[in-house]
Amino acid sequence: MSTLRFHAIKKTLDRKPIVFEETERRSAIFGSNVFNEATMRQFLTKEAFNSVMSAVENGTKIDRSVADHISTGMKEWSISKGATHYSHWFQPLTGSTAEKHDAFFETIGNGLAIEKFGGSQLVQQEPDASSFPNGGIRNTFEARGYTAWDPTSPAFIYGTTLCIPTVFVSYTGEALDYKTPLLRALFAMDTAAVAVCKYFDKNVKKVNTSLGWEQEYFLIDRALAASRPDIVQTGRTLLGHSAAKGQQLDDHYFGSIPARALSYMMDLEVECMLLGIPVKTRHNEVAPNQFELAPIFDEANLAVDHNSLLMDVMHKVSERHNFKVLFHEKPFAGVNGSGKHNNWSLTTDTGINLLGPGKTPMSNLQFLTFFINTIKAVNDHEELLRAAIASASNDHRLGANEAPPAIMSVFIGEQLTNVLNELENVTNGKLSPEEKTDLKLNVVGKIPDVLLDNTDRNRTSSFAFTGNKFEFRAVGSTANCANPMTVLNTIVAKQLTDFKVEVDKLINDKEMKKDDAIFNVLRDYIKKSKNILFEGNGYGEEWEKEAKKRGLSNHRTTPEALKAKVSKKAIALFEEMGVMNKVESEARYEIEMEEYVLRIQIEGRVLGDIARNHIVPVAVQYQNRLIKNVKGLKEIYGKDFKKFAQEQLNLIEDISGHISSINSDVTRMTDERRTANLVEDFEKKAHDYCFKVKPLFDSIRYHCDKLELLVDDELWPMTKYRELLFTS
């Protein structure tokens, strides 16, 4: 094994950057492999084009006869671009994307064939649903499921395949994917937000949710990654002593991008341009060999599809550059993990960012309305928001090395906190003309000036306002953005719906003017949402104690956090907003709990194998060398040999202690795992894996890492942190 380690290091050191040159302007190639509006105008009839655009903009259904015209145009375009196959591209509850390729080719008899792609093949397909997670919605022998075209996300060509974004539902209609609940949540948000916008602008007919994700990742040479069984099978290192130099000097962050990594990024970005993914920013992140990529904001559904597609493309492009991309939230202990910050905002069809202050008091009151309602939504549903980002891998990241803690809080900055304090003192009931004027001029009117100095950011806050958007920083790098976006949009849509009811009641029952009613309701929300606002350091016992006093949850583990998804409150919320029914909510809970168990189970098996079959044998081999050395010294020096062999004897004893601890801990872990596997109740099984199996990982790792410091480097089988993080 040690031979493999040194071979991998040599191979890595011999790598040269793959020369990559961009031959065309990015603006010229952007979206050229996407069936976008410009392409549709060229390849579709006017009726077909108008039908698609109406579906995108208004949610109208596309007639099957028109679908035939659309599919014909889509086929002709894709074949002209070299496509030979088509696929319904969807996002099942596995956390990755899925696709089944069918050729356009079809025989017509007499030895003849044609390229065929009809409207029925575009609109709906019937993949096998039995092998995808379903949370008990379907029996494994009942395999039928349907994929249905989502015209709001344009089809694209990748390689030689036309990929058609679709939803994925069971035979009985329940959602089996991430996209379906997201689309429902976005519809709920649109409906609720438009109703509130009417208070300020009667011309608003649609509100779009915008999302800008920031994808963090590690790049490791493929040979080095292949030399580590833990990276290959789990996506992270299960053991490994920290390198003497990690990220202490902050010299990697925003530093000069290494040549090989830059070549990879350039290649990746061109692929993104062709696929219409508007990537804009690239830079070194804090940890060695860690990087970030971020796009221009996009409509949320499309942004989610783009991120899912991007992760696939990143893996494929990395192979060309002899890299392995690590998306795991914490692939290396002791250095920063990777997140996927979700920057969220709302925009009207009239071009107004509802989370961006305007030039008039009325536009700023609109901003405050959506700003405060969002805070209230997070305050009322912080446990559900925590559940939306829960996973076995994200548990390692939250609360460590600058990542936000498991406690949900909202950071808005000192200046906006002062604004809310002013609004909290608004008179209960009708405002006097003087008070209303003072509010509009000196509080609401000055918000744009306040925000000019409100640029500081709290890196330990899970949900932060950053000028004209909220940044959900707790989302993990492996996550499908649809999960947190579904929850966030649902809770804000519910809050806006309740807000409108309360305001209308004051207007109708108390005969208040509209502004008075809005100010009164907002004042009440500010008082009720104070517990979620936090400006301080989110690390340590002090904040945990304070959060407990405030009644905020602190679910450090996924099994604890996920329970919020099936609380009576959450199920009622999703049903009321038309996002998920009880069956769908409970199915997702079961699926995510089962995934947690399987992740820990796999890691336990891999760690046990590495510890016993790689680490212990090498430690024994080195120990035998020491014993042979001690025997030689004894032959030379006789009874005085201990004077010359004391260090060796100490090493032999230390190694024996660590070997003994590893073997006993691995045995305990295996026994606990076997016991947990016999548990039928999935909640209890997840609990046992979390609190009985997983804690033994740390003990096994501790002793393995200690042996790494004792055993001869020439013998050590596992590629070390200093080589993984600093060899490229």
Side-chain angles (χ1 to χ4, degrees), residues 329-330 337 339 372-414 416-417 420-421 424 457-465 470-476 484 487-488 491-492 494-495 524-573 589 592-593 596 683-684 686-688 690-692 694-695 698:
E329 281 81 355
K330 198 73 171 177
I372 294 169
N373 271 279
T374 300
I375 295 171
K376 175 74 161 45
V378 175
N379 180 78
D380 291 356
H381 300 280
E382 47 93 9
E383 284 190 281
L384 187 57
L385 209 56
R386 165 67 179 97
I389 49 93
S391 69
S393 50
N394 207 23
D395 282 356
H396 294 286
R397 166 179 167 261
L398 294 178
N401 297 97
E402 294 189 359
I407 304 167
M408 296 292 106
S409 65
V410 178
F411 171 83
I412 62 173
E414 182 182 351
L416 280 173
T417 299
L420 297 195
N421 289 338
E424 188 181 348
R457 297 169 66 190
N458 188 330
R459 299 177 69 88
T460 65
S461 174
S462 52
F463 198 81
F465 184 71
F470 279 99
E471 181 180 20
F472 193 9
R473 302 189 70 252
V475 182
V487 170
L488 179 57
I491 64 175
V492 176
K494 164 64 174 168
Q495 180 54 52
D524 187 47
Y525 286 177
I526 292 168
K527 290 179 178 179
K528 291 178 178 177
S529 303
K530 279 196 161 186
N531 283 339
I532 202 72
L533 297 175
F534 181 65
E535 307 296 309
N537 183 2
Y539 293 133
E541 293 183 6
E542 187 176 338
W543 167 228
E544 291 184 6
K545 289 178 181 177
E546 174 63 23
K548 188 175 182 180
K549 283 183 185 176
R550 297 184 182 195
L552 301 178
S553 66
N554 183 14
H555 300 311
R556 293 185 178 88
T557 68
T558 291
E560 294 172 295
L562 286 178
K563 290 180 181 179
K565 284 196 169 185
V566 286
S567 66
K568 290 182 180 179
K569 180 180 177 182
I571 289 174
L573 166 73
Y589 173 59
E592 290 179 44
M593 289 287 263
Y596 178 85
E683 284 186 334
K684 188 177 186 311
H687 178 277
D688 288 352
C690 182
F691 296 104
K692 294 181 180 180
K694 186 170 170 285
D698 292 337

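- Checked for salt-bridge contact, Glu383 and Lys569 miss the test: no charged N lies under 4.0 Å from a carboxylate O.
- Around CD of Glu424, the count of heavy atoms belonging to other residues, nucleotides or ligands within 6.0 Å exceeds 12.
- Here the shortest heavy-atom pairing between Thr558 and Asp395 reads N-OD2, 2.9 Å.
- The main-chain N or O of Ser553 is found under 3.5 Å from a side-chain atom of Glu382 such that the two form a donor-acceptor pair.
- Taking the six-membered ring where tryptophan is involved, the planes of Phe463 and Phe472 are perpendicular, since the angle between them exceeds 60° and thus also 30°.
- Taking the side chain as every heavy atom from C-beta outward, Glu535 and Glu414 never approach each other to under 4.5 Å.
- No side-chain heavy atom of Phe465 sits under 4.5 Å from any side-chain heavy atom of Val410.
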*Do His555 and Lys563 pass the side-chain contact (heavy atoms from CB on, under 4.5 Å) test, and can you show the C-alpha distance, the side-chain angles, and the key distance before you say yes or no?*
CA-CA 10 Å; His555 300 311; Lys563 290 180 181 179; over 6 Å; no

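- At least one side-chain heavy atom of Lys530 sits under 4.5 Å from a side-chain heavy atom of Asn421.
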*Do Thr374 and Gln495 pass the side-chain contact (heavy atoms from CB on, under 4.5 Å) test, and can you show the C-alpha distance, the side-chain angles, and the key distance before you say yes or no?*
CA-CA 8 Å; Thr374 300; Gln495 180 54 52; over 6 Å; no

*Show your reasoning for whether side-chain contact (heavy atoms from CB on, under 4.5 Å) applies to Phe470 and Ile375.*
CA-CA 10 Å; Phe470 279 99; Ile375 295 171; 4.2 Å; yes

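- For the pair Tyr596 and Ala686, the tightest heavy-atom approach, listed with the atom from each and the gap, is CE2-O, 3.9 Å.
- With contacts defined as side-chain heavy-atom distances shorter than 4.5 Å, the pair Pro559/His687 does not qualify.
- Atom CG of Leu385 is separated from atom CG of Asp380 by 12.0 Å, given to the nearest 0.5 angstrom.
- Applying the salt bridge (Lys or Arg N to Asp or Glu O under 4.0 Å) rule to Lys494 yields the partners Asp498, Glu576; only residues at least two apart in sequence or on another chain are considered.
- Within the 4.5 Å cutoff, no side-chain heavy atoms of Asn373 are placed close to those of Val492.
- Listed for the Asn531 side chain is no donor-acceptor partner under 3.5 Å among the backbone atoms of Leu552.
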*Are Leu562 and Met593 close enough, and set up right, to give a side-chain contact (heavy atoms from CB on, under 4.5 Å), and what steps lead you there?*
CA-CA 8 Å; Leu562 286 178; Met593 289 287 263; 3.8 Å; yes

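- Of the possible polar contacts, one joining the Arg550 side chain to the Leu533 backbone as a donor-acceptor pair under 3.5 Å is found.
- In terms of modelled atom types and a separation under 3.5 Å, the side chain of Arg556 and the main chain of Pro405 share no donor-acceptor contact.
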